[in-house]
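Written below as structure tokens is the structure these notes are about.
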Amino acid sequence: MKIELINTQEIKKEFELELIIVNKMKQLNGKDKNELEILGFSSKENQSIFLNNRLFIGCNKLKDEDLKIAISNAIRIIKKTKYKTIFFSLICNAKELDISKIVEGLVLGGYSFNKYKKSTKNEQTNFFIDIKGTIQTKAFLEKELKNSLTISKSVNLVRDIINTTPEDYYPKTMAKTAKKIAKNNGLECRVYGENYLKKSKMNAMLAVGRASPHKSQLIHLIYKPSNAKGKIVLVGKGLTYDSGGLSLKSGAGMVSMKCDKSGGSAVLGVMNSLKDLACEYEVHGIVGAVENMIGADAFKPDDVLVARNGVSIEVRNTDAEGRLVLADCLCYAQDKIKKIDYIFDLATLTGACIVGLGEYTTGVMGHSEKLKKKLNKASQKSGELVGFLPYNRYLTQMINSQIADISNSASSRMGGAITASLFLDHFIKKENKNKWLHLDIAGAAYREKSWGYNTYGATGAGVRLMLEFIKLESLKK
Ligand code: BES
Ligand code: ZN
Ligand code: ZN
């Protein structure tokens with residue numbers, strides 16, 4: 001898909017199709033209004049109609065999520081037609097165009113994953129967005145276009161990674177992607193195998209990958225601008241497949257567990273955007289890429305594992321593996337990176353989070369109310385939904401163990417998203433307690449249906465949220 005800005009006041013051009021987003025019927029000319037009303041069209045969301053070579057799409061509000069969803073509805077309809085050059089104008093008197101919302105609607109809504117389908121001819125669609133009448137300069141709008149294309153393309157890259165099967169995408173593949181991203185963006189890239197993990201006492205992470213023929217990989221990407229404003233660390237759960245291990249998932253529960261690499265993939269997606277966005281922060285992306293399988297060598301319920309920071313963990317459920325991988329990765333990150341400003345971990349960590357917040361919302365947990373407020377702002381700006389889940393002293397006790405420092409599985413399933421986060425808290429250094437947030441993206445990252453501008457499968461959750469957070473921080477100082 002190609003997206004260009006044009007000013008119809010200056011240039012006349014031929015188009016095959018005109019896309020018209022309708023927010024209020026009265027904004028249409030009388031003839032169109034009458035005709036559309038006779039045909040039953042209204043300006044509500046999900047309304048669409050072709051009138052000759054014009055496509056009318058209903059839209060509740062000409063901003064934010066409403067605009068993105070309306071545009072994603074449009075692109076999905078257009079993709080089924082033969083139209084290839086599309087002229088796009090908003091029907092309103094808006095003096096400002098929100099290019100990023102339009103681009104996200106087009107690029108994210110127009111995404112489809114066809115890797116495993118018979119080859120389909122993929123002709124390029126060209127979109128021309130009319131900037132006539134806006135008070136913004138062309139240069140400003142071009143920059144907005146470039147930045148939002150960078151972000152949306154990274155989201156789609158992440159979706160491609162997650163949607164790829166565990167047969168084709170395993171820890172070493174993830175490391176390969178990281179290297180490619182590093183090369184394209186001038187990042188430093190360190191990839192460590194199991195010998196390093198052994199040497200570094202990352203036994204919790206190592207145990208999870210033990211029964212897999214695919215060797216675990218620790219990935220560390222670094223983006224370092226000159227005169228960085230601060231340091232942000234992102235740690236991602238990269239379970240390229242989660243069978244549950246010996247605490248095996250049910251048949252149905254295993255379907256879609258290729259999505260368990262979503263946190264790590266989102267971290268890669270963020271790292272893929274920073275250079276093009278001219279990010280002013282030093283950003284570290286750390287991914288624990290592991291496959292959780294069964295076999296004679298599998299780690300077991302009853303095992304006690306000692307993590308990198310010396311905390312011993314009683315394994316009571318091998319399906320609570322993400323927290324074991326993250327435990328070591330969080331320790332690694334804080335040992336290697338000093339003077340951290342913010343540290344986030346992203347993980348498809350618990351089914352309980354989906355039960356608690358619903359399918360679309362990322363669960364956010366941590367100690368600092370101030371930091372949660374900041375993240376909430378990024379959520380509102382980016383459109384990625386978040387909900388905050390509170391700690392308390394009683395839940396804290398639920399991961400106590402009789403034989404080790406802590407247990408990897410709480411004594412009750414209730415509040416499972418929170419107890420998982422309280423487990424991770426044991427691996428956050430004192431000085432970083434208020435700099436850390438845990439993001440459980442189990443619901444938001446992958447759905448076997450389409451919702452809003454998300455298509456079936458991976459959504460790329462976390463990428464826009466984190467990039468928006470970094471952007472807001474950059475504006476602040
Ligand atoms: N990867 C799963 C969590 C998950 C569930 C992600 C559904 C996406 C969709 C995780 O490793 C897991 O299995 N968690 C267990 C934890 C339990 C054993 C304490 C869960 O949620 O049941
Ligand atoms: Zn699991
Ligand atoms: Zn998992």
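In each ligand, atom 1 is the first atom listed, and ligand 1 is the first ligand listed. Sequence positions, counted from 1, serve as the residue numbers for this chain.
Distances from the Zn ion (ligand 2) to the N/O/S atoms of D242 are shortest for OD2.
Among the atoms of K237, an N, O or S atom falls under 2.8 Å from the Zn ion (ligand 3). For the Zn ion (ligand 2), the set of nearby N, O or S atoms under 2.8 Å includes one belonging to D319.
Annotation: cation-pi geometry not satisfied between R447 and Y456 (NZ/CZ under 6.0 angstrom from ring centroid, within 45° of ring axis).
Side-chain atoms of Y453 and E65 form a donor-acceptor pair, as typed in the model, at a separation below 3.5 Å. For the 3.5 Å distance criterion, the side chains of T150 and S273 fail to qualify, holding no donor opposite an acceptor. For Q334 and N432, the side-chain atoms include at least one donor-acceptor pair closer than 3.5 Å.
From N195, atom CG reaches atom NZ of K215 across 10.0 Å, with rounding to the nearest 0.5 Å.
Taking the six-membered ring for Trp and the full ring otherwise, the centers of F469 and F344 sit less than 6.0 Å from each other. Side-chain rings of Y391 and H367 approach one another, their centers coming within less than 6.0 Å.
Note: angle at the Zn ion (ligand 3), from OE2 of E321 to OD2 of D260, is 100° (rounded to 10 degrees).
Using cut-offs of 30° and 60° on the angle between ring planes, the pair F427 and F423 is tilted.
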Is there any protein N/O under 3.5 Å from an N/O of ligand 1, and what does the full list of such pairs look like?
unit_1: ligand 1; atom_1: 1 (N); unit_2: K237; atom_2: NZ; d: 3.4
unit_1: ligand 1; atom_1: 1 (N); unit_2: D242; atom_2: OD2; d: 3.2
unit_1: ligand 1; atom_1: 1 (N); unit_2: D260; atom_2: OD1; d: 2.8
unit_1: ligand 1; atom_1: 1 (N); unit_2: D260; atom_2: OD2; d: 3.0
unit_1: ligand 1; atom_1: 1 (N); unit_2: T348; atom_2: O; d: 3.4
unit_1: ligand 1; atom_1: 11 (O); unit_2: K237; atom_2: NZ; d: 3.2
unit_1: ligand 1; atom_1: 11 (O); unit_2: D242; atom_2: OD2; d: 2.9
unit_1: ligand 1; atom_1: 11 (O); unit_2: D319; atom_2: O; d: 3.0
unit_1: ligand 1; atom_1: 11 (O); unit_2: E321; atom_2: OE1; d: 2.8
unit_1: ligand 1; atom_1: 11 (O); unit_2: E321; atom_2: OE2; d: 3.1
unit_1: ligand 1; atom_1: 13 (O); unit_2: K249; atom_2: NZ; d: 2.8
unit_1: ligand 1; atom_1: 13 (O); unit_2: D319; atom_2: O; d: 3.1
unit_1: ligand 1; atom_1: 13 (O); unit_2: D319; atom_2: OD1; d: 2.8
unit_1: ligand 1; atom_1: 13 (O); unit_2: D319; atom_2: OD2; d: 3.1
unit_1: ligand 1; atom_1: 14 (N); unit_2: L349; atom_2: O; d: 3.4
unit_1: ligand 1; atom_1: 21 (O); unit_2: G351; atom_2: N; d: 2.7

